Q: 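One structure, pasted below without further comment.
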Amino acid sequence: MDTEQNNNINPKFLNPYNPQSTEDNIYKLWEDSGFFNPDVCIEKGVTDENAKPFSMVLPPPNVTGTLHVGHAAMLTIEDIMVRFARMQGKRTLWLPGTDHAAIATQSKVEKILEKEGIKKNDLGREEFLNRVNIFAQDSHDTIVSQMKKIGASVDWSREAFTLDGKRNLAVRTAFKKMYEDGLIYRGHRIVNWDPKGQTVISDDEVIHEERKAKMYTFKYSKDFPISIATTRPETKVGDTAVAVNPTDDRYKDFIGKTYTIEDFCGVKLNIKIIADESIDKDFGTGALGVTPAHSQIDAEMAGRHNLPTIQVINEYAKMIVGDERILNKKTTEARNVVVEWLRTEGLLEKEEDITQNISIAERTGGIVEPLPKLQWFINVNKPIKDRNNKTLKELMLDAVRSGGINIIPDRFEKVYYNWIENLRDWCISRQIWYGHRIPVWYKKTITNEELGINNENTKEIYCGINPPEDIENWDQDPDTLDTWFSSGLWTFSTLGWPDLNALDFKTYHPTNMLETGSDIIFFWVARMILMSTYLLGEVPFKNVYFHGLVRDAQGKKMSKSLGNAIDPLVVSEKYGADAVRMSLIIGTGPGNDSRMSEDKIRAYKNYANKLWNITRFVLSSTSNIKYDADFSEYTDIDKVLINERDEFLKETTKEMEEYKFYIVGEKIYQYTWTRFADVIIEESKNILLESDDKSKISRAQFLLDTLIKILKVLHPFMPFVTEEIWGMMPIDEKKLLIVEKWPI
RNA sequence: GCGCGAUUAGCUCAGUUGGUAGAGCAACUCAUUUACACUGAGAAGGUCGGGGGUUCAAGUCCCUCAUCGCGCACCA
């Protein structure tokens, strides 16, 4: 190449590609262009006003800290979908936001305050919430800057927060409607109480962990005819029955009788022998001590047999009955006391080591204590008039069964159905301060105050979008809502609902795609389907794409405590966000866990540089011609190459539409490197030097045209380097690559 | 207990409706200043977890077993 030609090349190409000095500028270029916002795209004429919409909400990250590499993977997959849709000319909206994540955020802030020696009750509700808000804002700002670093092309002008004013209106509106339809009710039931977090949690927030435990077999007293087995002897002071199977000959004669035990470790018991089909004759002694206040199953049995419920454990997991031996003791201490008592009384028959699953609160790690409490629930089994008398359960099932929602990969449909079949009423009230306050007020009356807390139910209730007018006569329910209640509304609360005429709502709902982690299929995906099918009579999204977990190179879960977590910002800084994105996409099918290693990231950094050098060669060796997009004088040899390339582009487009990004990324990589660079460019060196003019021009046009097309299909995957190179391509009437047309 | 997934080259994974086993990374041999060393060329590497079946033909379909991972339920 002579010097004159090299003079036409941007001096940037004299050095290797430098993501550090490029990426932030490119992101700013996009932001300034306004093209993340579909309205601007229409205004500036890059998108047709009548174009088909493509809409997606960002699964809002929790404002509990910073983004991890799993978020980076999520953002990359979604950004690929969005950039592809935008380049296809669709009216493309990717709506960002963050999640207040009630319990998670509150307990995080509590922990931080604890280190300073401050308890939340010392601060009071208002001041504590101030502290949480400051923390949340800080978190939010970090998250936003991280998202920009990764290259997420979200429409910042529409950013939402699950706990802001607009979302609060949506929550109140939804609550009131459900309350009026009788779907939300207040009930006194056995709930999952988290003694550590001092709040009720839903069934889905309980995780099970295998632990070693002891199972004790004993009798309540010497004269009691039946032995029972338990792992929790301390709860037995709350027993009101012993249940046996009706067909069990051993116990037949006792059914229906009631025994009084005057002294069971200091507590008087009345035990009725009942027959219940649910009892397994072969398990333990074939007889179950029924503790209605502290077991879900027992409570149901108590309901069937009209048994009294005696609460013996309080919210601090301490005993509230008995004498000084157990009263006010922690359940675990009381257990030892009761076991010792049984032993000395000669009532303990057997003591065996077993492994059992214990219930743990997901967020706090507290051991869940089933307690009877007055809480708010969503009834999933009540027929709904406006919805053909279908229940919420049925609405949720129908949405997927009918094909209205397509789940990728489809094996998650079975998981979803399985969950719904076992679904019980959803407990939505939480005894925490951070969150949407329940829009219910109770009338103040002297009598009710005298009646005390157990008669809360008798108070006059007002439920409304706004507080009652004579507010001084009312107390608002102190509880807040499960964070997933507001998340369930996310696809439409972000688009202007409850204003049904909001333009965004009419244009973009139902959304086209929900991309999220398979671990929140129940928490979030199912709840969005519930809310949308009930409130709007339509699905929240037409497609769901699940991604798996990002693990380390050895396949271990990444965690801060293991020290194997890769910080997406650190590696992006080191290798460039494009390289990180590629490494997170390739080799990762939907729903499958993937592995992340620095080796892999490094390989794609090299690829970015390869593309850089390819461009340098193509530009410097074609600078004597003018690129013509409609060039038609190709040689036969080049026509063959064009066919091959277009075949590749066609396949790629098809696979993009099938969401097979893990394949497309790899194919582009391969075509660019092993085909275009290693073979076609190598051959071109001779052609461009030695052939006739027709061949030279044909090849030069082909090289430019192909590079342009590579940049386009690669853009969703590696947006920064492609946009940077695009800016230096000798093309007339060039737009930003982000809004260029997909090449096929 | 019920269900789901995985098992293919040293590692990570592809493999469409059955039709001669594929890629990246790593390792190996060679080239040595090239658009690019963040490089190029080449070669090597596999009884597709085991067993059985259907078929002209099975990595792919059916049955079964094993190992690993996960979900749900139970958890007296």
Side-chain angles (χ1 to χ4, degrees), chain A residues 1 6 9 13-14 16-18 203-204 207-208 210-211 213 215-217 227-233 235-236 239 242-244 278-280 282-291 295-298 301 354-359 409 411-423 518-519 521-522 548-549 551 553-555 557 575-576 579 582-583 586-589 591-597 599-621 651 654-655 658 660 662-663 665-667 669-670 673-674 677-678 681-682 684-685 703:
Chain A
M1 292 306 115
N6 275 333
I9 302 304
F13 282 114
L14 296 176
Y17 173 60
N18 183 346
D203 294 345
D204 301 280
I207 53 169
H208 302 283
E210 225 171 55
R211 296 251 177 112
M215 182 148 84
Y216 305 94
T217 306
S227 302
I228 58 164
T230 183
T231 53
R232 299 199 58 188
T235 64
K236 298 291 104 182
D239 281 12
V242 163
V244 298
S278 68
I279 301 302
D280 180 352
D282 300 322
F283 194 96
T285 62
L288 165 70
V290 184
T291 323
S295 155
Q296 184 79 48
I297 302 267
D298 293 9
M301 216 176 294
I354 57 156
T355 51
Q356 67 164 2
N357 282 329
I358 61 159
S359 300
R411 63 187 148 91
F412 282 103
E413 284 183 15
K414 286 181 190 162
V415 178
Y416 177 79
Y417 295 143
N418 179 257
W419 179 77
I420 292 181
E421 276 152 24
N422 291 307
L423 186 62
S518 51
D519 53 334
I521 179 170
F522 310 134
L549 224 59
R551 298 171 175 276
Q554 280 72 45
K557 226 174 182 169
Y575 301 103
M582 278 298 260
S583 72
I586 290 176
T588 308
N592 294 339
D593 289 354
S594 60
R595 296 189 185 200
M596 174 90 169
S597 65
D599 277 353
K600 201 172 168 189
I601 305 173
R602 201 176 300 119
Y604 295 110
K605 177 183 163 39
N606 294 352
Y607 176 58
N609 194 56
K610 186 73 184 179
L611 192 69
W612 189 254
N613 283 305
I614 287 170
T615 309
R616 172 157 143 196
F617 174 82
V618 170
L619 292 189
S620 63
S621 56
E651 267 176 43
K654 183 168 167 273
E655 283 159 350
E658 292 165 351
K660 292 180 178 167
Y662 56 106
I663 291 178
E666 204 172 328
K667 275 193 180 167
Y669 176 93
Q670 233 168 291
W673 203 315
T674 56
D678 291 346
I681 285 185
E682 287 308 316
S684 300
K685 288 176 182 170
L703 289 178

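Just so it is clear: chains get the letters A, B, ... in the order the sequence lines come, proteins before strands, and each one is counted from 1. FYI, side chains are in, hydrogens and waters are out, and symmetry mates aren't considered; it's all heavy atoms of this structure. Remember, predicted model here, so these are calculated numbers, not experimental data.
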Q: How long is the straight-line distance from CD1 of I614(A) back to CG of D678(A), given to the nearest 0.5 Å?
A: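 One gets 8.5 Å once the value is rounded to the nearest 0.5 Å.
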Q: Roughly how far apart, to the nearest Å, are C68(B) and C75(B) at atom P?
A: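 To the nearest whole Å, 27 Å.
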Q: As a test of reading the structure: which of C36(B), C25(B), A35(B) is closest to the side chain of Y669(A), going by heavy atoms?
A: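 Comparing C36(B), C25(B), A35(B) against the side chain of Y669(A), the answer is C25(B).
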Q: Mind checking the OH-NZ spacing from Y662(A) to K667(A)? Nearest 0.5 Å is all I need.
A: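 Y662(A) OH to K667(A) NZ: 10.5 Å, rounded to 0.5 Å.
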Q: Rounded to whole Å, please give me the gap between CD1 in I279(A) and P in C75(B).
A: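 After rounding, the reported distance stands at 9 Å.
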Q: Identify which nucleotide among G24(B), C72(B), C74(B) has an atom closest to any side-chain atom of N418(A), counting heavy atoms from C-beta outward.
A: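 The closest nucleotide is C72(B).
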Q: Please measure how far the C1' atom in A14(B) lies from the corresponding atom in C25(B), and state the result in whole Å.
A: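 Roughly 14 Å separates the two C1' atoms.
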Q: When rounded to the nearest Å, what value does the distance between C1' atoms of A9(B) and A27(B) take?
A: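 Pairwise C1' distance, A9(B) against A27(B), rounds to 12 Å.
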Q: Take the protein atom CG of L611(A) and the nucleotide atom P of U39(B), then report the distance between them rounded to whole Å.
A: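 To the nearest whole Å, that distance equals 14 Å.
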Q: Across all strands shown, which nucleotide pairs with U33(B) by Watson-Crick or G-U wobble geometry, both distances under 3.5 Å?
A: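 By the stated definition (distances under 3.5 Å), nothing pairs with U33(B).
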Q: Hey, which of these two, R411(A) or K654(A), hits RNA chain B nearer its 5' end, going by closest nucleotide?
A: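 It is R411(A), whose closest nucleotide lies nearer the 5' terminus.
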Q: Considering all heavy atoms of both residues, which atom of N609(A) and which atom of Y17(A) are nearest to each other, and what is their separation?
A: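 Closest heavy-atom pair between N609(A) and Y17(A): OD1-N, 3.0 Å.
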Q: Tell me what E421(A) touches on the nucleic acid: a base, only sugar-phosphate, or nothing, going by heavy atoms under 4.0 Å.
A: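 No contact at all - E421(A) keeps every heavy atom at 4.0 Å or more from the nucleic acid.
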Q: Report the base-pairing partner of G18(B) (Watson-Crick or G-U wobble, both distances below 3.5 angstrom), or none.
A: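 Partner of G18(B): none.
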Q: Looking at every non-hydrogen atom in both residues, tell me the closest pair between Y216(A) and P233(A) and how far apart they are.
A: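 Looking at all heavy atoms of both residues, the shortest contact is CD1-CG, 3.4 Å.
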Q: Does any donor-acceptor pair link the side chain of K685(A) with the base of A35(B) at a separation under 3.5 Å?
A: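 Between A35(B) and K685(A), which were checked side chain against base, a qualifying N/O pair under 3.5 Å is present.
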Q: Taking the C1' atom of each, how far is C48(B) from A21(B), in whole Å?
A: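 Rounded to whole Å, the distance is 8 Å.
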Q: Between N609(A) and I586(A), which is nearer to the 5' end of RNA chain B once each is assigned its nearest nucleotide?
A: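 Looking at the nearest nucleotide for each, I586(A) comes out on the 5' side.
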Q: Within the 4.0 Å heavy-atom criterion, would you say I297(A) contacts the bases, only the backbone, or no part of the nucleic acid?
A: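 The answer is sugar-phosphate, as I297(A) gets under 4.0 Å only of primed atoms, P, OP1 or OP2.
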Q: Go through G40(B), A35(B), A23(B) for me and flag the one nearest to the I614(A) side chain.
A: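 For the I614(A) side chain, the nearest candidate turns out to be A35(B).
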Q: Please give the distance between the P atoms of C4(B) and C65(B) as a whole number of Å.
A: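 Per the computed distance, 14 Å lies between those P atoms.
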Q: For G3(B), does either OP1 or OP2 sit under 4.0 Å from a side-chain N or O belonging to W419(A)?
A: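 Answer no for this pair, as no side-chain N or O of W419(A) is under 4.0 Å from OP1 or OP2.
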Q: Which nucleotide in the set C36(B), G40(B), C25(B) lies at the smallest distance from any side-chain heavy atom of A603(A)?
A: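 The answer is C25(B).
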Q: Would you call the rings of W419(A) and F522(A) parallel, tilted or perpendicular, taking 30° and 60° as the class edges?
A: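 Geometry flag for F522(A) against W419(A): parallel rings.
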Q: Can you identify which nucleotide, out of C75(B), C38(B), C36(B), has its nearest atom closest to the N606(A) side chain?
A: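 For N606(A), the side-chain atoms sit closest to C38(B).
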Q: Which is true for A243(A) with a 4.0 Å heavy-atom rule: it touches a base, it touches only sugar-phosphate, or it touches nothing?
A: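 If one applies the 4.0 Å heavy-atom cut-off, A243(A) turns out to touch nothing in the nucleic acid.
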Q: Say you pick atom P in A58(B) and the same atom in A66(B); how far apart are they, in whole Å?
A: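 Approximately 26 Å lies between the P atom of A58(B) and that of A66(B).
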Q: Rounded to whole Å, how long is the line connecting atom CE of M582(A) with atom P of C13(B)?
A: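 Atom CE in M582(A) sits about 17 Å away from atom P in C13(B).
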Q: Could you state the CD1-C1' distance from I521(A) to C4(B), rounded to the nearest angstrom?
A: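 Nearest whole value for this atom pair: 12 Å.
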Q: Could you give the CG-to-C1' distance, from D204(A) to G71(B), as a whole number of Å?
A: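 Between C1' of G71(B) and CG of D204(A): 12 Å.
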Q: Mind checking the P distance from G24(B) to G42(B)? Whole angstroms is fine.
A: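 Straight-line distance between the two P atoms is 12 Å.
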Q: Mind checking T285(A) for me? I need base, sugar-phosphate or nothing, with any heavy atom below 4.0 Å counting as a touch.
A: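 Touches nothing.
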Q: Under 3.5 Å for both donor-acceptor distances, Watson-Crick or wobble: does A73(B) have a partner, and if so which one?
A: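 Partner of A73(B): none found under 3.5 Å.
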Q: Any strand counts, and the cut-off is 3.5 Å on both contacts for Watson-Crick or G-U wobble. Which nucleotide pairs with A66(B)?
A: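 The base-pairing partner of A66(B), which may sit in any strand shown, is U7(B).
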Q: Evaluate E658(A) against I663(A) for side chain to side chain contact (heavy atoms under 4.5 Å, CB included), listing each step before the verdict.
A: CA-CA 10 Å; E658(A) 292 165 351; I663(A) 291 178; over 6 Å; no
Q: When the P atoms of U29(B) and A43(B) are compared, how many Å lie between them, rounded to an integer?
A: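 Between the two P atoms, the distance is 16 Å.
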Q: Rounded to whole angstrom units, what separation is found between the OH atom of Y607(A) and the P atom of C38(B)?
A: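 After rounding, the reported distance stands at 19 Å.
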Q: Which one is paired to C28(B), where only Watson-Crick or G-U wobble pairs with both distances under 3.5 angstrom count?
A: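 Looking at the geometry, C28(B) pairs with G42(B).
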Q: Is the distance between the ring centroids of Y604(A) and Y669(A) under 6.0 Å?
A: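 Distance test on ring centres: under 6.0 Å, yes.
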Q: Could you check whether A677(A) gets within reach of a base, just the sugar-phosphate, or nothing at all, counting any heavy atom under 4.0 Å?
A: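 It contacts base atoms.
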Q: Please name the nucleotide paired to C61(B) by Watson-Crick or G-U wobble geometry with both distances under 3.5 Å, or report none.
A: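 G53(B) is the nucleotide pairing with C61(B).
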Q: E666(A) CD to C13(B) C1': how many Å, rounded?
A: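 Atom-to-atom, E666(A) to C13(B), this comes out as 8 Å.
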Q: Hey, does the side-chain of Q670(A) have a donor or acceptor N/O within less than 3.5 Å of a partner on the base of A14(B)?
A: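 Under the 3.5 Å cut-off, the side chain and the base do not form any donor-acceptor pair.
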Q: What distance do D298(A) atom CG and T235(A) atom OG1 have between them, rounded to the nearest 0.5 Å?
A: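 OG1 of T235(A) is found 8.0 Å from CG of D298(A).
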Q: So which nucleotide from C74(B), C4(B), A14(B) ends up closest to the side chain of N357(A)?
A: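 Looking only at heavy atoms from C-beta outward on N357(A), the closest nucleotide is C74(B).
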Q: Under 3.5 Å, is there an N or O donor on one side and an acceptor on the other linking the side chain of K610(A) and the base of C36(B)?
A: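 Such a pair is found, so the answer is yes.
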Q: Measure from the side chain of F522(A), starting at C-beta and using heavy atoms only, and say which of A73(B), U12(B), G71(B) lies closest.
A: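 Closest of the options to the side chain of F522(A): G71(B).
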Q: Would you indicate which nucleotide in C75(B), A41(B), G5(B) comes nearest to any side-chain atom of D678(A)?
A: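 For the D678(A) side chain, the nearest candidate turns out to be A41(B).
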Q: Looking only at side-chain atoms of P16(A), point me to the closest of G24(B), C38(B), C36(B).
A: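 Looking only at side-chain atoms, P16(A) lies closest to C38(B).
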